[in-house]
Undergrad: 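Okay, handing you the structure first.
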Amino acid sequence: MTSPWEYAPAPESRELADLKPNYRMFVDGEFVDGGGQPIKTLNPATGETLAEVSAADTGDVDRAVAAARRAYEQVWSTLPGKERAKHLFRIARLIQERGRELAVLETLDNGKPIKESRDVDIPTAAAHFFHHAGWADKLDHAGYGPNPKPLGVAGQVIPWNFPLLMLAWKIAPALACGNTVVLKPAETTPLSALVFADLCRQAGLPPGVVNIVPGAGDVGAALVAHSDVDKVAFTGSTEVGKQIQRAVAGTGKKLTLELGGKAANIVFDDAPLDQTVEGIVTGIFFNQGHVCCAGSRLLVQESIAEELLEKLRARVSALRVGDPLDKNTDVGAINSAEQLGKITELAASGESEGAQRWNSPCELPERGFFFAPTVFSEVQQSMRIAREEIFGPVLSVLTFRTPDEAIAKANNTPYGLSAGIWTEKGSRILRAAQELRAGVVWANTFNRFDPTAPFGGYRESGFGREGGRAGLEAYLDV
């Protein structure tokens, strides 16, 4: 479907990101050179090098953990909750004040559309610090007994799909509960974490309370295995999560894992179709599908499947794919050549196994890493595209006849992170939500997040919760 008119370009200025040619790791309140091989971080929309980042080695990890231990014992764990709260409130306000800078930087380094960085990632990151600042002097009333104690040093490893937001999910509750932090950002998206380190200095956070050590997987492995780390928090792939669980087994370290997903988005025959189509698009094409809880399996009641698919294809055809810095862009760049290769290979497997492939007729930019929004129909549960996490803008559509069949198909996965339900019947929502084996179930919406609500999964999607009162438990000795 061709639009009768076109949008004029509306690019955000990349100058707002205040890019530096070089960035250094942050240890004990100072930016220092790392002993590892420097990383060149790329703009996935163009393939150009944005900056060179000094990477850590195992010795740097030792120094960062030692700094966090000193800060924990000498300053942070002895600070009254209301004083810790002041620091978190300052950080939250600084994220807001430097929001445009952080949004542009995140879009350049990650490839996501500027409107998502600006309107979702940055405001939600600030909200997490505001929320947890409020808890810092109220931990006695969190339901974990009188005077709950922090754990000590938290080693945290985050992914590349929501760099600053995942940092906030990890660091805010850790600091609120009295712990100190050593965080390793993803190798392909380290920049916003290092600018966040500057915010910590600007907020007057005591040296060593937050330490940022960029690097590849070996740096994360050294942090996880470090003998003086009391708590490990990881968000990423199920495969790496299993490796981490084996590494910490028997060490006494507290562990939370938020891993992969293959969420079912269930559409019953009484669902409001136009509203549902918007929710489906948000569920799978938000952030290029780089979302662990993405609604990547669409289960549609057979009687409405043809009508829904027609509406869905028309809506997806209208999505604008292109320059992530353009405010009109709906779908940005795939984060890396490696991830683009994985998406391409899995989509090809869907065709070879007999699913019907439909691609958005959008024009893709000549440079950078882009993939057209894709919808597969006539998908069978045995196909790879219905079983494996693609982590890209690819939707698999299956059908069902009865509610029991819908629940059975939705639960036919080793994952259990999220699910969606679309229906006008409240009783159907309640029954399905009770029977779906998923940590988060959305009803007549999708991908809605709030710092007051816990998030996490079951089975191969991990364990533990982040956010809300329940998320405090992961950082307290209870």
Side-chain angles (χ1 to χ4, degrees), residues 112-113 115-116 119-121 123-124 161-162 165 169 258 260-301 304-305 308-309 311-316 318-319 330-332 373-376 379 386 389-398 400 406-407 409-411 413 415-426 428-458 461 466-467:
K112 65 178 62 192
K115 66 181 182 181
E116 293 181 5
D119 299 341
V120 180
D121 290 32
T124 310
N161 56 336
F162 292 95
L165 183 54
W169 279 28
E258 196 261 278
K262 193 70 179 175
N265 210 356
I266 304 171
V267 182
F268 290 99
D269 57 6
D270 64 334
L273 291 191
D274 290 334
Q275 176 188 342
T276 300
V277 165
E278 292 300 315
I280 293 167
V281 168
T282 299
I284 184 59
F285 299 120
F286 174 69
N287 198 36
Q288 297 73 252
H290 298 333
V291 185
C292 50
C293 56
S296 54
R297 286 186 300 146
L298 182 63
L299 303 181
V300 187
Q301 197 144 16
I304 61 165
L308 180 70
L309 273 172
K311 287 178 175 286
L312 179 61
R313 288 170 183 148
R315 180 66 182 91
V316 175
L319 294 176
D330 300 302
V331 180
T374 300
V375 178
F376 280 99
V379 176
E389 184 178 38
I390 300 174
F391 220 62
V394 179
L395 178 65
S396 297
V397 183
L398 302 91
F400 67 90
I407 299 299
K409 284 186 173 180
N411 286 337
T413 173
Y415 297 107
L417 188 56
S418 62
I421 307 162
W422 298 85
T423 175
E424 289 190 341
K425 293 185 174 67
R428 184 174 278 172
I429 290 171
L430 293 173
R431 181 200 167 191
Q434 188 174 28
E435 295 182 354
L436 287 167
R437 291 189 287 176
V440 178
V441 179
W442 287 290
N444 295 327
T445 187
F446 210 92
N447 277 344
R448 301 285 290 183
F449 300 99
D450 190 285
T452 66
F455 181 87
Y458 298 102
S461 290
E466 294 181 296

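Atoms considered below: every heavy atom in the structure, side chains included; atoms not considered: hydrogens, waters and symmetry mates. Just so it is clear, the structure is predicted and the values come from calculations on it, not from any experiment.
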Undergrad: Might you work through the side-chain contact (heavy atoms from CB on, under 4.5 Å) test for Val379 and Leu298, ending with a clear yes or no?
TA: CA-CA 10 Å; Val379 176; Leu298 182 63; over 6 Å; no

Undergrad: Whether the side chain of Lys112 engages the backbone of Phe286 through a donor-acceptor N/O pair (distance < 3.5 Å, no angle test) should be reported.
TA: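 Not a single qualifying donor-acceptor pair exists.
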
Undergrad: Taking only residues two or more places apart in sequence, or in another chain, which ones meet Glu424 in a side chain to side chain contact (heavy atoms under 4.5 Å, CB included)?
TA: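 Only Asp270, Pro272 meet the side chain to side chain contact (heavy atoms under 4.5 Å, CB included) criterion with Glu424.
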
Undergrad: What distance do Leu309 atom CG and Ile280 atom CD1 have between them, rounded to the nearest 0.5 Å?
TA: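 Spacing of CG (Leu309) from CD1 (Ile280) equals 8.5 Å.
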
Undergrad: With sequence neighbours left out, write down each residue that passes side chain to side chain contact (heavy atoms under 4.5 Å, CB included) with Phe449, or none if nothing qualifies.
TA: Trp169, Cys293, Trp442, Asn447, Phe455

Undergrad: Checking side-chain contact (heavy atoms from CB on, under 4.5 Å) for the pair Val291/Ile284: CA distance, chi angles, key distance, verdict?
TA: CA-CA 8 Å; Val291 185; Ile284 184 59; over 6 Å; no

Undergrad: Hey, are Asp330 and Lys115 close enough for a salt bridge, meaning a charged N less than 4.0 Å from a carboxylate O?
TA: yes

Undergrad: Rounded to the nearest 0.5 Å, how far does CZ of Arg428 lie from OG1 of Thr423?
TA: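 The CZ atom of Arg428 is 4.5 Å from OG1 of Thr423, to the nearest 0.5 Å.
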
Undergrad: Please check if the side chain of Gln288 supplies one atom and the backbone of Pro393 the other of a donor-acceptor pair under 3.5 Å.
TA: no

Undergrad: Could you tell me whether a side-chain N or O of Arg315 sits under 3.5 Å from a main-chain N or O of Glu278, the two making a donor and an acceptor?
TA: no

Undergrad: With side-chain contact (heavy atoms from CB on, under 4.5 Å) as the test, would you mind laying out the steps for Ile421 and Leu436 before giving the verdict?
TA: CA-CA 10 Å; Ile421 307 162; Leu436 287 167; 4.0 Å; yes

Undergrad: At what distance, to the nearest 0.5 angstrom, does OG1 of Thr276 lie from CD1 of Ile304?
TA: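 That separation rounds to 7.5 Å.
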
Undergrad: Donor-acceptor pair, distance only, cut-off 3.5 Å: does the side chain of Gln275 make one with the backbone of Asn444?
TA: yes

